[in-house]
K.L.:
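Would you mind keeping the following structure in view while I ask a few things?
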Protein chains: 2
Amino acid sequence: MNETSLTIETVHEIRDDCLCFASQRAARRLARRFDRVFSPLGLTNGQFSMLVPLIGLWRPRLGELAEFLAMDAATMTAAVKTLKKRGLVALLADEGDARARRPVLTQAGRELMAQAVPLWRKEHAAVQEAAPGVKASTLDQLGR
Amino acid sequence: MNETSLTIETVHEIRDDCLCFASQRAARRLARRFDRVFSPLGLTNGQFSMLVPLIGLWRPRLGELAEFLAMDAATMTAAVKTLKKRGLVALLADEGDARARRPVLTQAGRELMAQAVPLWRKEHAAVQEAAPGVKASTLDQLGR
DNA sequence: CTCTTATAGTTTGATATCAAGTTAAAATGA
DNA sequence: TCATTTTAACTTGATATCAAACTATAAGAG
C-alpha cells in the first residue's frame, strides 16, 4: 500500500482537524462531568437526556425517541429497560399499533427530574462559560 | 421540590441549548459514520483514533495516551487489550518505571493504518463540507 | 533505610453502543 | 382474502465507558 499516507503531517492533520476525534473527546469530557453532577441522584447524563423530552406533552414511540437522541433502536431498548426497572418510566401500549410502545415519566421520574434540572442548569452555565464560542445548534449540524 | 422547574420552557431550553446532549448526539452520529467507513478493515472509529497518534515518533505511556484521548485509564486498558489481541499494537516496558507500559504500532498495525487513512480523508471531507462552520479546534474547548 | 504516600495500570461491575439477526404486527398488492 | 414486504421492537455478541477497589512500583519524609 501507499506508505506516503503515513507521514507526520498526516498524523498532525488528523489530530488537529478530525471532527470525529474531537467530538468523541468532547463527548467523553462532558459525559463525565454531567455523570458526576447527577450521581447523587443515581442518574447518568444519558438517562437525563432521555427523560427530558418526556417531561412535556410529547408521547413518542421508542423508535421516535431513539431517533431524536440519534441513537440506535437497540440502545433504546436496553436503556429503557434500566429506567423501567428503576421505576422512572412506564411503557404504554400504542393505540392502533400493537408493535409500538410509548415511554412516559412516572411520578417518581418526574420528581427526580425536578431535582436534576437545577443541577443541570448550574453545570451547564459553567460549561458554556468556559466555551463561549460553542453553540448546541452548531453541533446539531455535525455528522448529518 | 420546586415543581416550577419542570415547565415546557425548561424542556425546550435543555433540548435547544444543552451542550452535553448536543455533543452526545453528534458523537454518536459521527461514530456510526466512521465505524461504517472503517468496517471493511475491521476497525472502529475509536480504534483508529487510538492508533493515529502512534504513527509518528511519540511513545506515550498508556496513561498519557488515555489523557490525550480524554478517556479513562480503565477504558484504555480494555481498548489496548483488543488491539494487542489483533496484533495491531505491542506493549513495550518502560525504561526506568516498571509500572508503565508504552504501546507501539506493529508492522501489521502500520499497514492497516495506511489503508485506513485514505478512507478517513474521504469521509472527513464529506463531514466537513456538510458542517462548514464547525472546527475541531473549537470542539477541543468543550468540557474542559 | 524504612514508613508513608502517590502513581501506573488492572479488575470488576454496571451501563452504553451498534451490527446483525429475530419476532410479531402492519401495510401493500395480487 | 392471502402472500409478500415493510416496520417496531427485541435479542445477541462484541466493544466502549467510567467509578471504585485493587496491586505493584515509585517517590518522599523522617
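Every chain is numbered from 1, with letters handed out A, B, ... down the list of sequences.
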K.L.:
Which heavy-atom pair separates B:R144 from A:R33 by the least distance, and what is that distance?
P.N.:
O-NH1, 3.0 Å
K.L.:
On the 0 to 90° scale, with breaks at 30° and 60°, tag the B:F48-B:W120 ring pair as parallel, tilted or perpendicular.
P.N.:
parallel
K.L.:
C:dA19 phosphate, OP1 or OP2: any side-chain N/O from B:R36 under 4.0 angstrom?
P.N.:
yes
K.L.:
Taking only residues at least two apart or on different chains, which pairs with a member in residues 9-22 of chain B satisfy salt bridge (Lys or Arg N to Asp or Glu O under 4.0 Å)?
P.N.:
A:R121-B:E13
K.L.:
Checking side-chain polar atoms at under 3.5 Å, does A:E111 have a donor or acceptor matched by the opposite partner on A:Q107?
P.N.:
yes
K.L.:
If you look only at distance, which donor and acceptor atoms sit under 3.5 Å apart when one is on a side chain in residues 71-80 of chain A and the other is two or more places apart or in another chain?
P.N.:
unit_1: A:D72; atom_1: OD2; unit_2: A:A74; atom_2: N; d: 2.8
unit_1: A:T77; atom_1: OG1; unit_2: A:A73; atom_2: O; d: 3.2

K.L.:
So which atom in B:L69 and which in B:S49 form the shortest heavy-atom distance, rounded to 0.1 Å?
P.N.:
CD2-O, 3.7 Å
K.L.:
Check side chain to side chain donor-acceptor pair (under 3.5 Å) between B:D97 and all other residues, then give those that pass, not counting sequence neighbours.
P.N.:
B:R99
K.L.:
Identify, between A:A78 and A:R28, the residue whose nearest nucleotide on DNA chain D lies closer to the 5' end.
P.N.:
A:A78
K.L.:
Can you sort out which residues in residues 37-72 of chain A have a heavy atom within less than 4.0 Å of DNA chain C? Ascending by number, please.
P.N.:
A:T44, A:Q47, A:M71, A:D72
K.L.:
Nearest-nucleotide wise, let me know which of B:A98 and B:R86 is further upstream toward the 5' end of DNA chain D.
P.N.:
B:R86
K.L.:
Looking only at heavy atoms, what is the nearest atom pair of B:R29 and A:D140, with distance?
P.N.:
NH2-O, 3.1 Å
K.L.:
With heavy atoms of chain A within less than 4.0 Å as the criterion, where does contact along DNA chain D begin and end?
P.N.:
D:dT7 to D:dA19
K.L.:
Which heavy atom in B:L139 sits nearest to a heavy atom in A:L19, and how many Å separate them?
P.N.:
CD1-O, 4.2 Å
K.L.:
Check whether any side-chain heavy atom of B:V127 sits under 4.5 Å from a side-chain heavy atom of B:V134, and report yes or no.
P.N.:
no
K.L.:
If you take any heavy atom closer than 4.0 Å to DNA chain D, which residues from residues 88-97 of chain A end up in contact?
P.N.:
none
K.L.:
Heavy atoms under 4.0 Å, any strand shown: does B:A100 hit a base, just sugar-phosphate, or nothing?
P.N.:
sugar-phosphate
K.L.:
Examine distances only and state if a side-chain atom of B:R32 and a backbone atom of A:A70 form a donor-acceptor pair shorter than 3.5 Å.
P.N.:
yes
K.L.:
If you assign B:T77 and B:R99 each to the DNA chain C nucleotide with the nearest heavy atom, which residue ends up on the more 5' nucleotide?
P.N.:
B:R99
